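A, B, ... follow the sequence lines: proteins, then strands. Residue 1 opens every chain. Remember, it's a predicted structure, so these values are computed and weren't measured experimentally.
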Amino acid sequence: MARAAKGSATTAGSAKTAAEQAVKAALDPYRRKRDFAKTREPAQGGDAGVGGLRFVVQKHHARRLHYDFRLELDGTLKSWAVPKGPCLDPKVKRMAVQVEDHPLAYGDFEGDIPPGQYGAGHVIVWDKGQWLPEGDARSGLRSGKLKFELRGHKLQGRWTLVRMHGKARQEERQPAWLLIKEQDAQARPLDEYDLTEAEPDSVRSLPAAPGAVAPEPAPETAPKPARASRRAALPDTLQPQLATPADHPPAAAQRADWLWELKYDGYRLLTHIDAAGRVRCFTRNGHDWSARLQPLVRALQQLPVRACWLDGEIVVEGEQGAPDFQALQNAFDQGRTEAIVYWLFDAPFLAGEDLRDQPLALRHAQLQSLMQAVPLPPLLRLSEVFDAPPESLLAAAAKLGFEGLIGKRVDAPYQSQRSPHWIKLKHRLRQEFVIGGYTEPQGARSGFGALMLGVHAQEGSRRVLRWCGNVGTGFDARQLGVIHQRLRAHESSRCPFDPPPAGMHARGAHWVRPVLVAEVAFGQWTREGRVRHAVFQGLREDKPAREIVREAPGVEPAAAPAPAQARAVPTVRHAPRITHAERVIDRHSGATKGELVAWYAQAAAQMLPHLKGRPVALLRAPAGVGGEVFFQKHAKEQQLPGVRQLDPALDPGHAPLLQIDQAAGLLQLAQLNTIELHTWNARSDRIAQPDRLCFDLDPGEGVAWECVQEGALLLRTMLEELGLVPFLKTSGGKGLHVVVPIRRGPDWDTAKGFAQAVVAHLARTLPDRFVQKSGPRNRVGRIFVDYLRNGFGATTACAWSVRARPGLGVSVPVGWDELPQLRSGAHWGLRDAPARLAVGNTPWAAMARSSRALGGAMRVLGYTPGAD
DNA sequence: GGTCTCG
DNA sequence: CGAGACCAACGCCCT
DNA sequence: AGGGCG
């Protein structure tokens with residue numbers, strides 16, 4: 001650098017002196033911190049940049065490695081300490097703490113600062129070049145916003161320094177700033193290229209200000225950064241979640257909230273796989289059993305996952321394939337652990353992520369994806385999850401020899417304690433008994449009081465009927481009468497039991513000949529051979545009474561059918577991470593975000609046919625029902641797995657429209673607080689031609705529900721007279737939706753005009769019932785039929801969508817024959833709609849073959865497109 | 001809830 | 001970083 | 001005409 005350049009940075013005369021004094025003052029803090037007898041750092045001086053302002057970045061291995069970012073201004077280097085160094089990714093902002101001004105000469109300093117001195121350690125010139133402020137740099141520096149361009153070896157393009165507002169730092173003269181790369185040609189995502197890692201070395205030997213942009217290394221050669229993510233540290237120990245014993249399944253109304261798994265009669269086992277793949281297995285009390293379970297440890301090592309905690313139960317399978325607790329103990333006693341298999345049912349941590357606050361359904365789905373990713377080692381099993389009614393599952397489980405079920409709330413987090421969110425339901429025993437008598441009814445009861453039960457038993461050479469208790473519940477009034485009739489027909493004076501039960505005469509016992517057979521469910525056999533907690537199930541006609549003996553539990557040799565018609569919950573690939581699952585989104589019902597997600601997870605199979613192939617619009621409610629909501633039809637910035645971004649040409653002038661083709665997309669959107677999903681009336685492949693019409697029957701203030709029902713029927717009749725085939729669904733809100741499939745052909749204006757003509761006709765014919773115009777004013781006492789949902793870009797709530805209203809109604813397809821039974825447009829809500837999933841879309845089964853060309857209907861109605 | 005923009 | 005805006009579109013109504 | 005509303 002030519003000494004002659006010095007003059008160019010300053011002006012002549014007395015101004016020069018003033019400027020030099022200002023520089024001197026500015027460098028005062030710098031000098032006061034250093035002892036220049038001990039450090040080689042320059043005390044002052046240095047050259048201004050040639051033809052522009054200089055910048056330098058020094059990599060400083062002090063107590064902590066950091067980068068010193070310096071910009072020449074007014075004769076000194078304005079300096080910031082950037083702990084992580086500059087980053088080319090505009091998304092990544094780097095903290096930059098402003099420090100004391102340095103002399104210009106410092107920009108060339110490279111070397112060691114001796115121990116004991118300020119900033120002791122090694123310094124290299126990591127980058128240098130020119131900087132070009134955008135606008136006035138001095139005022140930018142003062143106001144806390146500095147935009148500029150860098151022309152260095154490593155750093156180029158546009159950057160911003162922004163001062164933060166934190167108070168504390170300001171006062172100690174060390175304001176915190178952010179160093180941010182602006183979006184331009186030099187910007188690069190961090191995960192593709194990590195500049196500080198790729199370019200660690202000094203540039204001092206290179207020319208200060210390269211004329212051309214230095215070639216960047218190819219991204220392939222950049223070492224992959226091992227980036228720390230927001231992942232939680234994996235705990236070293238984990239207590240298992242335990243189930244609470246329950247007598248009964250949850251009430252039918254809450255069934256949808258529960259998933260069921262078989263109860264394995266073995267030992268609980270928690271597996272920890274660390275980041276290096278080391279596997280350790282712990283019992284529920286935290287004992288490390290890895291050494292005793294070597295075959296299992298080896299099997300677990302084959303799972304394609306690290307940094308996780310898995311939860312499950314180890315069992316030894318008995319002869320029937322059901323777990324056998326005795327065999328498990330024997331296996332340990334004899335050191336024969338290769339017969340032990342591991343049923344996995346939960347993943348509190350997976351791939352370094354803490355999933356404990358995720359809904360169970362999602363944890364299980366992720367475990368399932370993991371275990372389906374590779375051929376499963378034979379010792380590992382995935383515990384299947386069922387959503388069938390627990391009664392039938394319990395029966396099936398019993399036949400398979402399982403001791404019961406574990407019920408788990410679909411939306412519950414994983415808690416390391418005994419929790420009401422997990423219940424264990426032991427199956428009740430169930431078998432046939434011979435009826436040997438009955439007792440008198442008490443009080444208001446008619447027919448009889450209880451049936452006296454017996455089984456045949458061998459006593460020496462004699463075969464006797466052994467009394468084993470009574471059953472007095474489980475009958476309805478009709479059964480009481482019918483059975484009483486049957487009993488009377490077999491009445492006898494002789495007691496068939498041997499020995500005769502004591503104390504029965506006091507209860508008015510009647511004996512009957514031992515020919516009738518009752519099926520009875522009961523909790524268990526008492527030691528005396530009596531049934532406990534017996535419930536009558538029905539009379540059995542198919543089994544002769546003489547064959548009835550006490551059955552050993554769980555050894556039914558008949559091949560058990562697969563658990564009755566249970567639908568396994570389908571896997572959701574790319575299931576999103578759900579945050580704040582416990583947050584209440586509807587104060588009215590107390591429903592949580594987790595329940596919303598769980599609903600869409602369950603309903604996905606029924607809902608996807610309605611979503612597939614159509615642009616979708618979202619109603620999102622980040623603050624829940626009653627909070628601020630917004631509609632969303634487009635999205636560019638965010639790409640979510642399972643949410644497709646359509647060709648932007650479909651809706652010119654906008655970001656891409658969205659479409660959901662996969663369950664994961666539905667869940668992703670639920671995670672974004674999407675409560676309602678609305679669909680277009682056209683499919684994406686021919687967006688200009690709607691394939692259906694929608695009529696939204698929206699009752700005004702004070703309209704009786706019967707009128708809405710009647711109105712829907714009137715609309716139906718009218719549409720059918722026009723040769724169309726309408727379908728019905730609840731809106732999930734106040735009213736009903738009538739959906740009419742049409743042949744594609746007419747454009748949007750024609751479809752909308754036709755729909756308007758239909759509604760106008762309806763309103764003309766029955767003006768006291770219907771209005772065509774919206775607005776609450778003229779709508780009181782009448783039904784507004786909204787035809788506006790038939791224009792380009794208009795949408796209507798999709799079938800199975802939840803509605804963002806108090807109570808969270810669900811829009812459900814129904815048959816016209818069901819209309820009279822509906823109680824409101826919100827007949828089904830989030831909590832009871834799951835029960836309706838079994839009916840699913842069958843009321844609309846004919847829709848696909850019911851589309852009609854609009855031409856005929858337009859003629860009948862006398863509607864001409866274009867003529868309003 | 002996520003992203004962008006602004007300071 | 002921290003706060004705030006944005007995230008539809010149509011026909012109402014009101015001014 | 002323009003803005004807020006649902």
Trainee: Establish, yes or no, whether a centroid distance under 6.0 Å links the rings of A/H737 and A/F727.
Mentor: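 No, ring centres 6.0 Å or more apart.
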
Trainee: What integer distance in Å separates A/R158:CZ from B/dT5:C1'?
Mentor: 13 Å

Trainee: From CD1 of A/I180 over to P of B/dC6, roughly how many Å is that when rounded to an integer?
Mentor: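 About 11 Å, once rounded to whole Å.
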
Trainee: Taking the P atom in each of C/dA8 and D/dG2, what is the distance between them to the nearest angstrom?
Mentor: 23 Å

Trainee: For D/dG4 and C/dC6, measure between their P atoms and round to the nearest Å.
Mentor: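 Looking at atom P only, D/dG4 and C/dC6 are 12 Å apart.
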
Trainee: Whole angstroms only, please: what is the CD-P distance between A/E134 and B/dC6?
Mentor: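 These atoms are roughly 12 Å apart.
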
Trainee: What is the separation between atom NZ on A/K147 and atom C1' on B/dT5, rounded to the nearest whole Å?
Mentor: 9 Å

Trainee: Rounded to whole Å, how long is the line connecting atom CH2 of A/W177 with atom P of B/dC6?
Mentor: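 From A/W177 CH2 to B/dC6 P: 17 Å.
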
Trainee: Are A/W680 and A/F792 close enough that their ring centres sit under 6.0 Å apart?
Mentor: yes

Trainee: To the nearest angstrom, how far is A/L178 atom CG from B/dC6 atom C1'?
Mentor: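 Rounding to the nearest Å, CG of A/L178 and C1' of B/dC6 are 12 Å apart.
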
Trainee: Exactly one of A/V162, A/L179, A/L161 should register a side chain to side chain contact (heavy atoms under 4.5 Å, CB included) with A/L146. Which one does?
Mentor: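 Only match with A/L146 under side chain to side chain contact (heavy atoms under 4.5 Å, CB included): A/L161.
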
Trainee: Could you work out which one of B/dG2, C/dC1, B/dC6 sits closest to the side chain of A/Q671?
Mentor: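 Of all the options, the side chain of A/Q671 is nearest to B/dG2.
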
Trainee: Under 3.5 Å, which N/O atoms of the protein pair with N/O atoms of nucleotides 6-10 of chain C?
Mentor:
| residue | atom | partner | partner atom | Å |
| --- | --- | --- | --- | --- |
| C/dA8 | OP1 | A/K633 | N | 3.0 |
| C/dA8 | OP1 | A/H634 | N | 3.3 |
| C/dA8 | OP1 | A/H634 | ND1 | 3.1 |
| C/dA9 | OP1 | A/H654 | NE2 | 3.2 |

Trainee: Does A/T579 place a side-chain N or O at less than 4.0 Å from the phosphate oxygens OP1/OP2 of B/dG1?
Mentor: yes

Trainee: In whole Å, what separates the P atom of D/dG6 from that of C/dG4?
Mentor: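 One P to the other, the span is 24 Å.
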
Trainee: Whole Å only: how far is the CG atom of A/N673 from the P atom of B/dG2?
Mentor: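 Computing the A/N673:CG to B/dG2:P distance gives 8 Å.
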
Trainee: Could you tell me whether A/R744 and A/D685 have a side-chain N and a carboxylate O separated by less than 4.0 Å?
Mentor: yes

